Amino acid sequence: FMQNLWGAGGTKEFRNTEIERLQKGKGFSITPGMSFSGWSIKRDLEEAFQWMYDYMTQPGFRDEALAMIKDGKKTELRNNKIDQDYAFDRAESEIICPGRPSSIFIDDENYYDRFTSQQLADWWKQVFHPASLQFVIVGNIDIDKTIEFAARYLGNLPSGDTPKIPELLSTCTFPTGYTRREVYRGVENKTRVEMYRPGPRWDAEEAPALKMALRILSIRLKDKIREALGGTYYAYIYSFSNMWIKGSDFISSGFATDPDRVEELIKAEREVNAKFIAEGPTEKELSSERLVLRKDWEEYLKENTFWSGV
């Protein structure tokens with residue numbers, strides 16, 4: 001709520017609609033929050049810094065913006081109660097990591113009425129610490145001007161105490177053995193299947209190898225489940241890791257299909273994974289994926305988003 005209101009409330013002086021008018025035609029965009037993001041052309045960089053300063057020092061926690069956010073949350077909750085994917089994701093979260101914050105779901109619309117704009121403003125003061133901010137600015141910039149603007153508009157932010165962030169915020173006990181959960185929701189004659197396997201926590205050096213393995217497995221799953229068996233339009237596999245939740249790392253694969261083909265395709269998915277574990281990838285698959293990764297890497301090096309995340 002605090003994050004949403006920070007973005008929707010504008011600043012203390014200007015509402016969001018007024019800010020949109022003032023920034024119309026400008027060559028920059030700023031998204032406020034616990035993690036600021038945005039872009040700017042050289043000409044408007046100083047004004048972008050000015051708006052960042054205003055968002056940080058005098059956010060507009062307005063009652064009307066909060067009322068709009070509450071209405072949106074209540075509408076979202078009503079839609080979720082009849083949504084198949086929401087019911088599936090909820091069951092998934094409760095099984096894999098019961099008790100973690102992200103496994104807590106809101107069922108009562110009245111829950112949102114408890115928040116006030118002043119309460120959220122007070123929380124903001126507790127969690128937002130300029131002393132812990134790290135700005136990453138990349139691209140075709142004038143370094144001297146950028147340093148000048150940063151010193152002028154951000155250098156006088158009150159530092160306060162740097163918050164101490166724990167190494168882990170929570171832990172997750174992954175289910176052992178074979179756990180199966182069936183969720184019935186909606187009226188359409190379709191089934192979504194997802195299978196989870198606990199995975200090790202991987203580091204940056206291992207990430208390319210994991211990416212290659214998952215891409216190869218993804219192709220094999222599609223070839224087997226979609227092309228050979230005609231059981232689904234899509235099949236997928238992906239990995240998940242959260243540095244703040246110990247034990248939450250897993251590899252997941254899944255597909256959508258007709259209810260009467262679920263067991264057949266689960267068996268096929270297991271066969272694909274078992275074969276890969278036993279025999280590994282072929283040299284042809286490795287060669288192809290190396291080429292793809294090299295091309296991806298060449299493109300990444302051209303993107304500001306890549307360098308801002310390094």
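Here, residue 1 is the first one in the sequence, and each next residue gets the next number. What you see is a predicted model, and the numbers here were worked out from it, not measured in a lab.
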Fill in: Nearest atoms (heavy-atom pairs only) where Tyr236 meets Leu221
O-CD1, 3.9 Å
Worksheet entry | Nearest atoms (heavy-atom pairs only) where Lys12 meets Arg62 | O-NH2, 3.3 Å
Worksheet item: Is there a donor-acceptor pair closer than 3.5 Å between any side-chain N or O of Asp83 and the backbone N or O of Asp85?
Response: yes
Worksheet item: Could you give the distance from CZ (Arg90) to CG (Asn80), rounded to the nearest 0.5 Å?
Response: 9.5 Å
Practice prompt. Please confirm whether the backbone N or O of Asp71 pairs with a side-chain atom of Thr75, one donor and one acceptor, at under 3.5 Å?
Written response: yes
Discussion item. To the closest 0.5 Å, what do you measure between CD (Glu279) and CD1 (Ile277)?
Written reply: 11.5 Å
Practice prompt. Using only heavy-atom distances, determine whether the side chains of Asp54 and Gln50 contain a donor-acceptor pair under 3.5 Å.
Written response: no
Fill in: Salt-bridge contact Glu148-Lys145 (side-chain N to carboxylate O under 4.0 Å)
yes
Worksheet item: Does Glu271 pair with Arg220 as a salt bridge, N-O distance under 4.0 Å?
Response: no
Worksheet item: How long is the gap from CD1 on Ile266 to CZ on Arg261, to the nearest 0.5 Å?
Response: 12.5 Å
Worksheet item: When rounded to the nearest 0.5 angstrom, what is the spacing between CG in Asp296 and CD in Glu289?
Response: 9.0 Å
Worksheet entry | Inter-residue atom distance Asn304.CG - Phe306.CZ, 0.5 Å rounding | 11.5 Å
Worksheet entry | Non-hydrogen atoms of Ile216 and Pro281 that approach each other most closely | CD1-CB, 3.7 Å
Worksheet item: Under 3.5 Å, is there a donor-acceptor pair between the side chain of Ser252 and the main chain of Tyr238?
Response: no
Discussion item. Check this for me: Arg197, atom CZ, are more than 12 non-hydrogen atoms of other residues, nucleotides or ligands nearer than 6.0 Å?
Written reply: yes
Item to complete: Apply the salt bridge (charged side-chain N to carboxylate O under 4.0 Å, His left out) test between Glu109 and each candidate in Lys81, Lys73, Lys70, Arg78; give the one that qualifies.
Response: Arg78
Worksheet item: Do the side chains of Asn273 and Ile237 get nearer than 4.5 Å, heavy atoms only?
Response: yes
Worksheet item: Should we say atom CD1 of Ile143 is surrounded by more than 12 heavy atoms from elsewhere, each under 6.0 Å from it?
Response: no
Practice prompt. Evaluate the side-chain proximity of Arg152 to Phe49: yes if any heavy-atom separation is below 4.5 Å, no if none is.
Written response: no
Worksheet entry | Min side-chain heavy-atom separation Val272-Asp223 under 4.5 Å | no
Worksheet item: If you measure from OH on Tyr112 to CG on Leu77, what distance do you get to the nearest 0.5 Å?
Response: 5.0 Å
Item to complete: Can you see which heavy atom on Thr191 is nearest to which on Asp258, and at what distance?
Response: OG1-C, 4.2 Å
Item to complete: Output, in order, the C-alpha distance, side-chain angles, deciding distance and verdict of side chain to side chain contact (heavy atoms under 4.5 Å, CB included) for Val183 and Arg192.
Response: CA-CA 10 Å; Val183 181; Arg192 173 181 164 188; over 6 Å; no
Discussion item. Would you say Glu20 and Asn16 are linked by a side-chain donor-acceptor pair, where the criterion is simply a distance under 3.5 Å?
Written reply: no
Worksheet item: Salt-bridged, Lys302 to Glu299, with N to O below 4.0 Å?
Response: yes
Discussion item. Between Lys42 and Asp142, does any NZ, NE, NH1 or NH2 come within less than 4.0 Å of an OD or OE carboxylate oxygen?
Written reply: no
